[in-house]
Every structure is written in structure tokens, then in C-alpha cells.
Amino acid sequence: MTNQGDDLRAKRIEAIRERYGDHVPVELLADVAGELLAVTKGGMSSETDLFSDLRDLANYIHEARMEIASLRPDEVGETLIPSATDELDAIVEATATATNSIMDATEEIENACADLDQDMQNGIMDITSKIYEACTFQDITGQRITKVVTALKNIEDKVDGLVEAFSDEIEAAKAEQKIKDDANQDVVKVINEKDDLLEGPQLAGQGSNQSDVDALLASFD
Amino acid sequence: MAVDKNMSILIVDDYKTMLRILRNLLRQLGFANVDEAIDGSSAMQKVKQGDFHLIISDWNMEPMTGLQFLKEVRADDKHKHIPFIMVTAESKSENVIAAKEAGVSNYIVKPFNAETLKAKMVSVLGDF
């Protein structure tokens with residue numbers, strides 16, 4: 001490409017020499033200079049275009065990386081996925097507790113029926129069997145949730161890889177976010193306060209129990 | 001031959017809730033001599049130490065799965081004759097085939113009911 005450009009440039013300069021000769025009158029200097037400039041620019045255009053394309057590509061890649069970093073994949077790995085898995089674990093625990101409570105009550109019903117006649121005992125046993133059968137839902141939901149948790153952990157691993165690859169951009173995005181947060185502190189505070197009212201059931205040890213709520217209410221008296 | 005309802009049964013599942021459900025359903029069927037284990041390896045230890053007449057086991061357990069447990073039981077000359085019912089949510093045909101090839105006596109898909117449990121036990125032990 002460069003050799004072809006040189007050849008073309010040499011031919012065009014030769015053509016100018018043939019047209020104006022080796023000694024150019026002063027009044028034609030501007031024309032010759034213009035034509036020489038055109039030759040020079042023309043010869044360099046392919047290299048300039050290539051450089052420009054590469055620069056555009058670099059800018060595009062940089063912007064893409066910044067956009068990915070601004071999505072804050074580090075938050076997904078550090079906060080969102082662990083929070084989701086904790087919630088799912090809490091579901092399994094809550095359903096297990098509820099299932100055991102149901103079975104406690106069912107066993108008490110069976111024990112209370114020990115003195116009834118056989119027909120009545122059989123009738124109640126049919127009903128309690130159905131309760132035990134229904135309780136198998138806990139085992140199935142537990143297994144399904146375990147599969148989801150495993151999938152989330154796989155996603156977490158991939159996100160961790162992404163975070164590592166974009167660590168510089170993520171740090172820049174964090175710094176940029178901090179500047180914005182500082183500038184809009186009041187707005188951010190209002191948004192956070194709004195979100196705080198919609199966090200749903202709390203995990204064990206994270207929320208207030210009834211005693212805490214009672215004490216808090218009493219503190220207003 | 002009549003089924004001895006005092007026979008010793010080993011139930012194996014890593015979900016304690018499921019062990020409790022199985023124990024209650026078996027009690028309602030008249031079988032109260034029930035021991036339990038929470039995975040294949042602890043179940044295999046109990047098999048070697050005990051005298052069980054029926055094993056009812058889950059498949060999906062760690063570190064030893066129900067299928068590995070079944071294979072170990074079938075590979076043990078002294079205990080390979082024990083009827084083995086798999087009770088599992090693994091319902092793909094390849095699972096059933098693998099269990100059958102490993103020597104399972106019957107196969108129950110979760111969720112199940114008392115009627116299915118009784119029917120599979122009858123098919124393995126005889127009517128009761």
C-alpha cells in the first residue's frame with residue numbers, strides 16, 4: 001500500500017514537472033504549491049484513513065468498556081446475587097419450618113384419636129395421610145430452589161470474571177458515581193428512603209421482631 | 001408368605017422433612033420399625049451393621065448418591081438381596097433405566113402419595 005502510494009506520488013510530481021518545467025515563474029508558484037499539496041495529501045489519504053479508523057475503533061472499544069463498567073457488574077457479584085441466594089435459602093428454611101409445624105399438629109391429631117373407635121380412626125388416618133403427602137412439596141421446592149441457587153452461583157463466577165477484566169473501568173465508574181452522588185446528595189437520599197420502604201420480608205436477624213417494634217412504638221409515648 | 005409388619009426398614013433422605021413424612025406414612029401402613037440415614041455412605045454403614053428387610057432411599061444426596069448406595073448394596077454379597085425402593089424427584093427415563101440396571105426393586109417419583117408407596121411395597125414384599 002505504501003509503495004503504491006509512493007509510486008503514484010512520484011508520477012504526479014513528474015507530471016507537474018513536465019507541465020511547469022524545472023524553473024517556475026513567481027506568478028505560478030502558488031499554482032504549483034497547490035498541486036504539490038494536493039499530491040501530498042492524496043498520497044497520504046489511505047494511511048490517514050487507516051489511522052482514523054483505528055482511532056475510531058479504539059474509541060468505540062473504550063466507550064463500550066465504560067458502558068459495561070457503568071452497569072456495575074461488581075454490584076451484581078457482590079450484592080445482588082448473594083442477596084438473592086440468601087432469600088432463596090430463607091424460603092427453604094421457612095417452608096421446612098412450616099412443614100414441620102403442620103406435621104407436629106397432624107401427629108397430635110393422630111395421638112388424640114387413639115381412644116376413638118376404629119372406623120373413626122381410619123377416617124382420620126386417611127385425612128392425615130393426605131396431609132403428609134401434601135407435605136412432600138417442601139422436598140420438591142427445596143430441590144428446585146437448590147438448582148436455582150447453583151445456577152446463580154455459576155452466574156456469579158462469570159460476573160466475577162467480567163469484573164476482573166473491567167476492573168479499571170469499574171473503578172472509574174465508581175468514582176464517577178460518587179461524584180454524581182455527592183452532587184445530588186439530597187435527591188439520592190429521597191430515592192433511598194423510598195426504596196427502604198419496599199424491601200419485603202427481612203432475613204433472620206436483619207429485621208425487627210415484634211418486641212423490637214413494640215419497644216419502638218412505646219418510645220414515642 | 002405374610003409380610004411381617006415388624007420388619008426392619010431403612011429410610012434414606014437428606015431432607016429431614018422427607019424422612020419424617022416417610023416414617024409417618026410407614027407407621028400408618030403398620031410399619032413402625034424404621035431406622036433412618038441422611039446420605040448413602042451413612043446408610044451403607046447402617047446396612048452393614050443392621051438387619052434390614054427393606055431399603056427406601058432418595059437418589060439426590062451427597063456425598064454418596066442413592067444410586068451409588070444401591071450399587072454398593074448390590075455389590076455386597078451379604079446384603080445384596082435386600083429389596084431396594086428408590087424414592088426420588090429424578091424422573092427422567094435415563095434415571096429409571098440406570099436404577100434398574102443397578103438392581104433397584106422399584107421406583108417412586110416424588111411427590112408421591114401413601115397409595116403409591118403401599119403399592120410399590122406390595123410389589124416388592126408381597127401383599128399386606
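Naming convention: chains lettered A, B, ... in sequence-line order (proteins, then strands); numbering from 1 in each chain. Excluded from the calculations below are hydrogen atoms, water molecules and symmetry mates; all remaining heavy atoms, backbone and side chain alike, are included.
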Give the C-alpha distance, both sets of side-chain angles, the deciding distance and a yes or no for side-chain contact (heavy atoms from CB on, under 4.5 Å) between A:Gln138 and B:Met18. CA-CA 8 Å; A:Gln138 198 273 326; B:Met18 182 51 68; over 6 Å; no

Tell me whether B:Ile38 at atom CD1 has more than 12 heavy atoms from other residues, nucleotides or ligands lying less than 6.0 Å away. no

With rounding to the nearest 0.5 angstrom, report the CG to OG distance, B:Leu117 to A:Ser129. 10.0 Å

Please identify each residue that fulfils salt bridge (charged side-chain N to carboxylate O under 4.0 Å, His left out) with A:Asp104, with sequence neighbours left out. B:Arg20

Just wondering, more than 12 heavy atoms not from A:Gln121 lying within 6.0 Å of its CD? yes

Look at B:Asn24, B:Asp58, B:Thr17 and state which one has the largest set of heavy-atom pairs under 4.5 Å with chain A. B:Asn24

Strictly less than 4.5 Å between heavy atoms, which residues of residues 143-168 of chain A line up against chain B? Please order them by number. A:Gln143, A:Thr146

Looking only at heavy atoms, the pair that brings A:Ile140 and B:Pro111 closest together is CD1-N, 3.9 Å

Counting only non-hydrogen atoms closer than 4.5 Å, does B:Asn113 touch chain A with its backbone (N, CA, C, O), its side chain (CB onward), both, or neither? both

Steps toward side-chain contact (heavy atoms from CB on, under 4.5 Å) verdict (B:Lys110, A:Phe137): CA-CA 9 Å; B:Lys110 291 178 183 174; A:Phe137 88 93; over 6 Å; no

Looking at B:Lys71, I'd like to know if its NZ atom is crowded, meaning that more than 12 non-hydrogen atoms belonging to other residues, nucleotides or ligands lie closer than 6.0 Å. no

Residue pair B:Glu115 / A:Glu133: nearest heavy atoms and the distance that separates them: N-OE2, 4.4 Å

Greatest number of non-hydrogen atom pairs under 4.5 angstrom with chain B, of A:Ile131, A:Asn100, A:Thr106, A:Thr99, falls to A:Asn100

Can you tell me which portion of B:Asp14 sits under 4.5 Å from chain A's heavy atoms? Options are side chain, backbone, both or neither. neither

